Student: 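Pasting a structure here, questions to come.
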Amino acid sequence: MPELPEVETIARGLAQRVRGDKIEAVWIGEKPEPLKSTAQDIVDALEGTAIVSVRRVGKQIVFDLEAEGAKPKMRQWIVHLGMTGRMLVVSHGTAIENHTHAVVTLASGRELRFVDPRRFGRLSVRRESDFQGSGVEPLEIGAAEFIRLFCKRSSPIKAALLNQKLLHGVGNIYADEALFRAGIRPRRRANALTRAQLTKLHWSIQEVLREAIALGGSSVSDYVDANGEKGFFQLRHHVYLRTGQPCHVCRTPIRRITVGGRGTHYCPKCQK
DNA sequence: ACTATTTCCTGGATGC
DNA sequence: TGCATCCAGGAAATAG
């Protein structure tokens with residue numbers, strides 16, 4: 001499932017490949033689920049624009065589009081990949097694969113295709129040019145602000161980390177991995193953690209995200225980047241999906257529990 | 001204002 | 001082998 005490092009990798013790859021290209025036509029599939037805006041709004045916002053940049057905000061891909069001579073010159077196409085969403089760049093004529101929900105024809109003769117079997121992904125458009133996610137970027141936040149964000153929360157720290165209104169971009173993989181590195185059990189209440197523990201956690205989150213970005217993200221299930229390449233960070237996971245396997249530090253079997261309705265993995269000896 | 005729970009979706013794994 | 005059931009999870013919706 002694409003989280004911050006995966007979306008960052010995908011957005012960078014997309015930027016490299018389609019920045020400067022022009023959108024000539026847009027096709028939106030029948031299934032309404034993947035849309036937050038109406039299909040017509042998306043078509044109207046995209047057609048005839050130039051792709052100025054592609055970037056990541058939280059777990060979302062933002063295409064900054066510039067329209068010629070239109071009232072709001074700048075608009076954004078926002079893509080959330082959900083669990084299984086993929087954004088492909090293919091040459092015109094490539095066979096349409098199953099679960100393709102949108103096809104964007106580019107002036108260069110290629111197409112951007114949104115494919116998402118599970119349909120947890122979402123497409124939307126914005127006319128303003130100042131799109132911001134609801135939370136704070138984990139790689140930009142300082143330790144003091146991080147502590148302020150979490151120290152009053154009574155929910156389990158893992159559930160708080162997954163709350164995109166607080167911090168955005170951290171999902172199940174990196175929440176588990178950061179908590180392991182910080183030596184904190186996922187069920188600990190956020191407001192029961194010491195300042196030192198929250199400081200450590202802040203550092204661990206930034207460390208694990210930076211390492212994952214450097215390796216192109218984690219390829220679990222069917223994640224691939226804009227070039228169809230797999231990431232390599234899954235080889236560095238200490239706890240995620242390692243239930244029953246020995247901890248890399250102390251050899252204790254990794255345990256799996258449910259926190260906030262999510263599969264959660266931790267080392268019962270290294271994490272307190 | 002929070003927190004907890006349910007819901008959406010399909011493919012792959014598991015069970016009988 | 002075949003069919004049914006379960007499970008994965010981001011985030012919105014709903015309930016408490």
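The structure displayed is predicted, hence computed values, not measured ones. Hydrogens, waters and symmetry mates play no part in the numbers below; they use all other heavy atoms, side chains included.
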Student: In plain terms, say whether A/Lys158 and A/Asp176 are close enough for a salt bridge, that is, a side-chain N and a carboxylate O under 4.0 Å apart.
Tutor: yes
Student: For the pair A/Arg181 and A/Glu177, find out whether any cationic side-chain nitrogen is under 4.0 Å from an anionic carboxylate oxygen.
Tutor: no
Student: Can you establish whether the number of heavy atoms outside A/Arg188 located under 6.0 Å from its atom CZ is more than 12?
Tutor: yes
Student: Is it true that a side-chain atom of A/Glu47 and a backbone atom of A/Asp44 form a donor plus acceptor pair closer than 3.5 Å?
Tutor: no
Student: Excluding sequence neighbours, so at least two apart, what forms side chain to side chain contact (heavy atoms under 4.5 Å, CB included) with A/Gln164?
Tutor: A/Lys59, A/His168
Student: Just the rounded figure in Å: distance from C1' of B/dC2 to CG of A/Asn191.
Tutor: 12 Å
Student: Between A/Ile157 (CD1) and B/dC2 (P), how many Å, whole number?
Tutor: 15 Å
Student: Find the distance A/Asn98:CG to B/dG12:P and express it as a whole number of Å.
Tutor: 11 Å
Student: When the distance from CZ of A/Arg153 to C1' of B/dT3 is rounded to whole Å, what number comes out?
Tutor: 9 Å
Student: For A/Leu166 and B/dA1, give me the distance from atom CG to atom P, rounded to whole Å.
Tutor: 15 Å
Student: Quick test: give all pairs of protein nitrogen or oxygen and nucleotides 8-12 of chain C nitrogen or oxygen below 3.5 Å, distance rounded to 0.1 Å.
Tutor:
residue: C/dA8; atom: OP1; partner: A/Arg256; partner atom: NH2; Å: 2.2
residue: C/dA8; atom: N3; partner: A/Arg118; partner atom: NH1; Å: 2.7
residue: C/dG9; atom: OP1; partner: A/Asn172; partner atom: ND2; Å: 3.0
residue: C/dG9; atom: OP1; partner: A/Tyr240; partner atom: OH; Å: 3.2
residue: C/dG9; atom: OP2; partner: A/Gly263; partner atom: N; Å: 3.2
residue: C/dG10; atom: O3'; partner: A/His80; partner atom: NE2; Å: 3.2
residue: C/dG10; atom: N7; partner: A/Arg262; partner atom: NE; Å: 3.4
residue: C/dG10; atom: N7; partner: A/Arg262; partner atom: NH2; Å: 2.6
residue: C/dG10; atom: O6; partner: A/Arg262; partner atom: NH2; Å: 3.3
residue: C/dA11; atom: OP1; partner: A/His80; partner atom: NE2; Å: 2.5
residue: C/dA11; atom: OP2; partner: A/Lys59; partner atom: NZ; Å: 3.1
residue: C/dA11; atom: OP2; partner: A/Gln164; partner atom: NE2; Å: 3.4
residue: C/dA11; atom: N6; partner: A/Arg262; partner atom: NH2; Å: 2.8

Student: Do the charged groups of A/Arg75 and A/Asp64 touch, with an N to O distance under 4.0 Å?
Tutor: no
